[in-house]
Student: 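Let me begin by handing over the structure; questions about it come next.
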Amino acid sequence: MEDLEYLKVRVEEITDFIENAPVPLHWVNNSGVIVWVNQAELDLLGYKKEEYLNKHISHFHTDKAAIENILVRLINKETITNHRASLQCKDGSTKQVLISSNVYWKDNEFIHTRCFTRDITEDMNTETQRLDDAKNKEVVNKKNLLEECTLLNKMVLEVKDYAILLLCKDGTIRSWNQGAERIKGYTEKEIVGQNFNIFYLPQDRQSGLPEKLLAEAALNGRAIHNGPRLRKNGTTFLGNVVITALHDDDGNVIGFTKVTSDLTERRDIHDILRR
């Protein structure tokens, strides 16, 4: 008699545990019809028991194909763990959940599923907000970087007192600014794509001076040279040249910058003062 009373108490405790546990639980039969649900699941979705029981489980899933796939896998004696799903609430909203489920079999007969539902809606919203914030930050950073690059580009292009060039590794001219056009006489359209040795006297080209300056910059980081340079119209000017090597993240030379200033006027003034 005492054993019977003990068992009765245990049954009541277990029944209370699953009925009132804070974890949403439900059972469905082999046809997918809900045969039992606890209060936590009803509270999660906002339904009354009579609105939920004896309904096909797919009625509450926004992705019908996904729940049908889960049922097939359960019938095939698979255990489902943390399967992402979206459930329809009574008020029209949706809950993002993880479903874990397997089947209670008796004498090889499908009795019902044992399905645990975990609400991850808040986590998903937080993650979505985090991704949105990261995306917005990336957009702002890209915008700021673009504005900074634009300003730097304008700064180089609009400098008129210095010829500032970007060279490929072989000395091919890639960019041209207003100072270069003023000092050397070429327009950007005329000069970009040509080799920078076009500015050197024939004897300097023959001796390999342009190539030697690039080699020195590649080896030491930069090369400085003063000497006569050619303009487009064939006249010469005294140029001060600084060639600086550009490197990638691995330290390999990927090109050069070349800054040239016209020292002709300064030299002429110095000669006059000296005389």
Side-chain angles (χ1 to χ4, degrees), residues 9-148:
V9 171
R10 292 297 294 159
V11 168
E12 289 176 354
E13 290 175 347
I14 293 172
T15 300
D16 175 74
F17 175 77
I18 63 173
E19 288 283 357
N20 299 303
V23 178
L25 306 167
H26 69 266
W27 300 346
V28 301
N29 62 20
N30 59 356
S31 298
V33 175
I34 302 168
V35 295
W36 174 83
V37 62
N38 75 344
Q39 191 59 43
E41 181 137 334
L42 294 173
D43 292 341
L44 174 66
L45 302 178
Y47 295 98
K48 296 178 180 178
K49 184 170 288 189
E50 59 270 22
E51 295 172 325
Y52 203 73
L53 279 179
N54 301 316
K55 300 289 193 303
H56 197 278
I57 188 63
S58 64
H59 178 75
F60 303 99
H61 280 256
T62 59
D63 188 343
K64 310 300 182 188
I67 185 58
E68 291 296 340
N69 176 259
I70 290 176
L71 292 173
V72 169
R73 291 171 61 188
L74 289 171
I75 290 172
N76 290 326
K77 298 187 177 181
E78 287 189 48
T79 293
I80 307 297
T81 304
N82 291 335
H83 190 287
R84 282 277 302 275
S86 180
L87 299 181
Q88 188 76 42
C89 298
K90 184 177 179 179
D91 63 6
S93 63
T94 58
K95 293 288 186 181
Q96 303 302 315
V97 300
L98 294 177
I99 293 176
S100 297
S101 183
N102 60 12
V103 174
Y104 169 44
W105 298 88
K106 185 176 182 180
D107 297 330
N108 210 33
E109 179 184 356
F110 187 119
I111 305 301
H112 60 73
T113 65
R114 296 171 288 215
C115 185
F116 294 76
T117 306
R118 183 159 71 90
D119 182 12
I120 59 169
T121 306
E122 186 174 344
D123 295 338
M124 291 290 293
N125 290 340
T126 301
E127 179 65 11
T128 300
Q129 185 63 49
R130 186 189 69 80
L131 292 175
D132 287 344
D133 290 344
K135 185 177 180 179
N136 291 335
K137 184 177 180 180
E138 183 180 2
V139 169
V140 171
N141 288 340
K142 284 184 177 179
K143 182 180 178 182
N144 291 339
L145 182 60
L146 181 60
E147 290 176 352
E148 184 176 347

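Scope of the values below: all heavy atoms of this structure, side chains included, with no hydrogens, waters or symmetry mates. Quantities reported herein were computed from a predicted structural model and do not represent experimental measurements.
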Student: In Å and rounded to the nearest 0.5 Å, what is the NZ to CG distance from Lys95 to Asp119?
Tutor: 5.0 Å
Student: So, using side chain to side chain contact (heavy atoms under 4.5 Å, CB included) as the criterion, who are the partners of His83 when residues are at least two apart?
Tutor: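 Checked His83 against side chain to side chain contact (heavy atoms under 4.5 Å, CB included); matches are Ile70, Arg73, Ile80.
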Student: What are the two closest non-hydrogen atoms of Ile99 and Ala85, and how far apart are they?
Tutor: CD1-CB, 3.8 Å
Student: Nearest 0.5 Å please: distance from the CG atom of Leu71 over to the OG atom of Ser31.
Tutor: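 Between Leu71 CG and Ser31 OG, I get 9.5 Å after rounding to 0.5 Å.
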Student: Considering residues, nucleotides and ligands other than Glu122, do more than 12 of their heavy atoms fall under 6.0 Å from its CD?
Tutor: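 No.
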Student: To the nearest 0.5 Å, what is the distance between CD1 (Ile34) and CG (Asn54)?
Tutor: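 It is 9.0 Å, given to the nearest 0.5 Å.
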Student: To the nearest 0.5 Å, what is the distance between CG on Leu87 and OH on Tyr47?
Tutor: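 One gets 9.0 Å once the value is rounded to the nearest 0.5 Å.
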Student: What pairs with Glu109 under salt bridge (charged side-chain N to carboxylate O under 4.0 Å, His left out), at least two apart in sequence or on another chain?
Tutor: none
Student: Do you know the tightest heavy-atom contact between Leu53 and Val35?
Tutor: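 Nearest pair, atom of Leu53 first, then Val35: CD2-C, 3.6 Å.
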Student: If you apply the rule side chain to side chain donor-acceptor pair (under 3.5 Å), what do you find for Thr121 with Gln96, and how did you get there?
Tutor: CA-CA 5 Å; Thr121 306; Gln96 303 302 315; over 6 Å; no
Student: Which residues pass the side chain to side chain contact (heavy atoms under 4.5 Å, CB included) test with Ser93, not counting sequence neighbours?
Tutor: Cys89, Asp91
Student: With rounding to the nearest 0.5 Å, note down the distance linking CD in Glu50 to CG in Leu42.
Tutor: 9.0 Å
Student: Give, for atom CH2 of Trp36 and atom SG of Cys115, the distance between the pair rounded to the nearest 0.5 Å.
Tutor: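 Rounded to the nearest 0.5 Å, the CH2-SG separation comes out at 10.5 Å.
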Student: Look at the aromatic rings of Tyr52 and His26 and report parallel, tilted or perpendicular, splitting at 30° and 60°.
Tutor: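 Ring orientation, 0 to 90° scale: perpendicular.
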Student: Applying side chain to side chain contact (heavy atoms under 4.5 Å, CB included), can you list everything that pairs with Lys77, at least two apart in sequence or on another chain?
Tutor: Trp105, Asn108
Student: Under 3.5 Å, side chain of Thr113 to main-chain N/O of Val28, donor-acceptor pair present?
Tutor: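 It does hold such a pair.
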Student: Does Glu41 reach the main-chain N or O of Asn38 with its side chain, forming a donor-acceptor pair under 3.5 Å?
Tutor: no
Student: Please name all residues satisfying ring-ring contact (aromatic ring centres under 6.0 Å, His included) with His112, sequence neighbours left out, ordered by chain then number.
Tutor: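 ring-ring contact (aromatic ring centres under 6.0 Å, His included) list for His112, sorted by chain: Trp27, Tyr104.
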Student: Applying side chain to side chain donor-acceptor pair (under 3.5 Å), which residue pairs with at least one partner in residues 63-72 are found, sequence neighbours left out?
Tutor: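 Residue pairs passing side chain to side chain donor-acceptor pair (under 3.5 Å), neighbours aside: none found.
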